[in-house]
Amino acid sequence: MTQQCPSSPTPDLDRLYDPPLKHIQKSVMPELISFHRAYLARATFFCLATGRQSGLDASPRGGPAGFVRVLDAKTIVFADWPGNNRIESMRNLVEDDRLGMLFIFPGLDVFMRINGRGRITDDAALCASLAEGEKTPKTAIIVSVLEVLFHCGKAVNRAKLWAPESRIDRRTLPTPGQMLAAMNQQDAAAADAMDVFYDDAMRNDLYG
């Protein structure tokens, strides 16, 4: 039986939650300082949140340490590498340039968040400076930083994200090929072929 969401009025959040401590409020900075730069130099993964009138998007972004480049205290840039070609994040930024970035650091129980405004560029020199090996991105996203803050890692520990026993056995869930084949009414042979293609692309075609 499907559980129905309650249709009660919005609760009084100020009554339910204590205000943030003073030092937490002061830790929200309008620009990057040395601590933020140090973490960005080691960052290999973040999620990018964008939106527009027609919908919202949160997309994963990853690369070698330092793939998010600091241009100055108020500006960072990162390359846009090929994914599924929906390019929802960039289509959103064309209409609404607000964005949020949530950085996750493997093995650490702290997050870093950046809120700002983004614009897309295909400037040849800038894109060339963000190349990975022999691959040069078609575009890059320049972010004007409005807020930057560190966020506690309780969610990491609730999830036991870095614990070895938390690793999921691939055999316990449907594979990407099996899901795609089912959604497209294709057979097991098609699913196997899609999985072979997917596994190769995930390992050997990271930059398109």
Side-chain angles (χ1 to χ4, degrees), residues 5 7 9-11 13-14 17 20 24-25 27-33 36-37 39-41 43-105 110-132 135-151 155 176 179-180 183-184 194 198 201-202 205-208:
C5 291
S7 57
T10 301
L13 299 180
D14 290 328
Y17 293 91
I24 297 294
Q25 298 181 50
S27 69
V28 181
M29 307 291 292
E31 63 182 23
L32 304 170
I33 60 175
H36 307 127
R37 289 173 180 259
Y39 272 80
L40 283 173
T44 58
F45 181 86
F46 72 92
C47 287
L48 175 67
T50 58
R52 54 179 162 153
Q53 187 173 5
S54 61
L56 303 172
D57 184 70
S59 70
R61 305 295 174 119
F67 81 105
V68 177
R69 183 89 49 83
V70 177
L71 299 182
D72 57 50
K74 293 285 293 183
T75 316
I76 60 176
V77 62
F78 59 92
D80 184 80
W81 295 108
N84 57 15
N85 280 334
R86 287 174 55 88
I87 58 173
E88 290 292 335
S89 297
M90 292 195 290
R91 294 192 189 281
N92 288 346
L93 290 174
V94 170
E95 186 174 312
D96 185 338
D97 66 353
R98 294 175 298 171
L99 57 77
M101 305 167 75
L102 176 67
F103 291 84
I104 301 176
F105 302 92
V110 64
F111 301 103
M112 188 170 72
R113 291 166 49 189
I114 293 177
N115 297 321
R117 296 186 179 275
R119 63 182 178 89
I120 305 159
T121 179
D122 61 355
D123 180 82
L126 182 58
C127 288
S129 74
L130 297 169
E132 297 291 346
K135 299 291 186 177
T136 300
K138 295 177 181 179
T139 61
I141 297 175
I142 300 173
V143 178
S144 297
V145 176
L146 297 179
E147 293 181 325
V148 55
L149 62 149
F150 289 104
H151 193 117
M179 291 185 287
L180 283 169
M183 287 184 280
N184 288 279
M194 290 180 197
Y198 181 86
M202 289 302 99
D205 190 23
L206 298 180
Y207 296 95

Are any of the side-chain heavy atoms of [X] and [Y] separated by less than 4.5 Å?
| X | Y | value |
| --- | --- | --- |
| Glu31 | Val145 | no |
| Phe103 | Val68 | yes |
| Arg86 | Ser59 | no |
| Thr75 | Ile142 | yes |
| Arg91 | Ser54 | no |
| Trp81 | Leu206 | no |
| Met101 | Ile76 | yes |
| Leu40 | Met112 | yes |

Has Glu95 got a side-chain atom pairing as donor or acceptor with Gln53's backbone, closer than 3.5 angstrom?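 Looks like yes, one N/O pair under 3.5 Å.
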Checking Lys74 side chain against Ser144 main chain: does a donor-acceptor pair fall under 3.5 Å?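 Not a single qualifying donor-acceptor pair exists.
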Counting only heavy atoms from other residues, nucleotides and ligands, does the tally under 6.0 Å from OH of Tyr198 exceed 12?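 Count not over threshold, so no.
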Does atom CZ of Arg98 have more than 12 heavy-atom neighbours from other groups under 6.0 Å away?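 Atom CZ in Arg98 is not packed in, count stays at 12 or less.
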Where do [X] and [Y] come nearest, in terms of heavy atoms and distance?
| X | Y | result |
| --- | --- | --- |
| Arg117 | Asp97 | NH1-OD1, 2.6 Å |
| Pro137 | Cys127 | CD-O, 3.3 Å |
| Pro20 | Ile24 | CB-CG2, 4.1 Å |
| Phe105 | Val110 | CD1-O, 3.6 Å |
| Pro64 | Glu132 | CG-OE1, 3.3 Å |
| Leu32 | Asp72 | CD1-O, 3.9 Å |

Can you tell me how far the [atom1] atom of [X] sits from the [atom2] atom of [Y], to the nearest 0.5 Å?
| X | Y | atom1 | atom2 | result |
| --- | --- | --- | --- | --- |
| Phe46 | Phe78 | CZ | CZ | 4.0 Å |
| Leu126 | Thr136 | CG | OG1 | 11.5 Å |
| Leu146 | Asn115 | CG | CG | 7.5 Å |
| Leu48 | Glu88 | CG | CD | 12.0 Å |
| Cys47 | Arg113 | SG | CZ | 12.5 Å |
| Leu99 | Asn92 | CG | CG | 10.5 Å |

What do the steps show when you test Leu93 against Arg52 for side-chain contact (heavy atoms from CB on, under 4.5 Å), and what is the final call? CA-CA 8 Å; Leu93 290 174; Arg52 54 179 162 153; over 6 Å; no
Show the numbers, then the answer: is there a side-chain contact (heavy atoms from CB on, under 4.5 Å) between Asp80 and Lys138? CA-CA 7 Å; Asp80 184 80; Lys138 295 177 181 179; over 6 Å; no
